[in-house]
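Here's the structure we're looking at; comments come further down.
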Amino acid sequence: VQRVNGSNHVQFENVLYNAGSAYNSTTSTFTAPVNGTYVFYFHTRGNGGNHASHTIKVNDVIVCLGHVHNQANTGTCAATVHMDAGQEAWVAPYHVISHYFTGKTTSFTGFLLSK
């Protein structure tokens, strides 16, 4: 996991499951394939004893804000939102002190809850 240079998106290098191909690993963006209610969740673990805040954004609007402080702590961010087909969601850094995402302990998921 790393921050994408020149953008406000956190890039996830390993995509484990992507039914319907709504998540684009090149742009680090989930695009709603249909109108409906979606659930998004982001989890991270601190690294290096510093802190950071992160958000989930839908069309550049913050829908949740999470925080992690110190190496042993974790931070989460979850949101249930209505999206129209074509709208986008992604994870973005909000306030970063140092490198804060650690490989296999950081994840992002999104799915359609109902149409």
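Just so it is clear, the values below take in all heavy atoms, side chains as well, and ignore hydrogens, waters and symmetry mates.
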Using every non-hydrogen atom in the two residues, find where [X] and [Y] come nearest and quote the distance to one decimal.
| X | Y | answer |
| --- | --- | --- |
| S28 | V10 | CB-O, 3.4 Å |
| N35 | A85 | OD1-N, 2.7 Å |
| A89 | F40 | CB-CZ, 3.6 Å |

> Among all residues two or more places apart in sequence or in another chain, which pass the ring-ring contact (aromatic ring centres under 6.0 Å, His included) test with Y38?
Replying inline: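 Scan of Y38 (ring-ring contact (aromatic ring centres under 6.0 Å, His included), adjacent residues dropped) gives F30.
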>> Quick one, T76 and Y41 - any side-chain contact, counting heavy atoms below 4.5 Å?
In response: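 Heavy-atom side-chain distance check passes, below 4.5 Å.
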>> Do M83 and V58 have side chains that approach each other closer than 4.5 Å (heavy atoms only, starting at C-beta)?
In response: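 The answer is yes; the side chains approach within 4.5 Å.
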> Between V63 and L112, is there a shared hydrophobic cluster once you connect ILVMFWY residues whose side-chain heavy atoms come closer than 4.5 Å?
Replying inline: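 Yes, V63 and L112 fall within the same hydrophobic cluster.
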> Would you say T26's side chain and N24's backbone share a donor-acceptor pair under 3.5 angstrom?
Replying inline: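 No; judged by distance alone, with no hydrogens or angles, the pair does not exist.
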> How far does NE2 of H43 sit from NE2 of H54, to the nearest 0.5 angstrom?
Replying inline: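 Between H43 NE2 and H54 NE2, I get 9.0 Å after rounding to 0.5 Å.
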Name the atoms and distances for all side-chain donor-acceptor pairs under 3.5 Å in residues 15-22, with sequence neighbours left out.
| residue | atom | partner | partner atom | Å |
| --- | --- | --- | --- | --- |
| N18 | OD1 | A22 | N | 3.3 |
| N18 | OD1 | Y23 | N | 3.1 |
| N18 | ND2 | Y23 | O | 2.8 |

>> Could you work out, with salt bridge (Lys or Arg N to Asp or Glu O under 4.0 Å) as the rule, every residue matching D60, not counting sequence neighbours?
In response: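 D60 satisfies salt bridge (Lys or Arg N to Asp or Glu O under 4.0 Å) with K57 once adjacent residues are dropped.
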> Who pairs with C64 by side chain to side chain contact (heavy atoms under 4.5 Å, CB included), at least two apart in sequence or on another chain?
Replying inline: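 Per chain and number, C64 pairs via side chain to side chain contact (heavy atoms under 4.5 Å, CB included) with I56, C77, A79.
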>> Checking T80 now: which residues fulfil side chain to side chain contact (heavy atoms under 4.5 Å, CB included) with it, not counting sequence neighbours?
In response: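 Applying side chain to side chain contact (heavy atoms under 4.5 Å, CB included) to T80 gives T37, V39, L113.
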> When you look at V91 and T55, which way does the side-chain contact (heavy atoms from CB on, under 4.5 Å) test go after all the steps?
Replying inline: CA-CA 6 Å; V91 175; T55 66; over 6 Å; no
> Please, which pairs that meet salt bridge (charged side-chain N to carboxylate O under 4.0 Å, His left out) have at least one residue in residues 84-94, sequence neighbours excluded?
Replying inline: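 Those involving residues 84-94 do not exist here.
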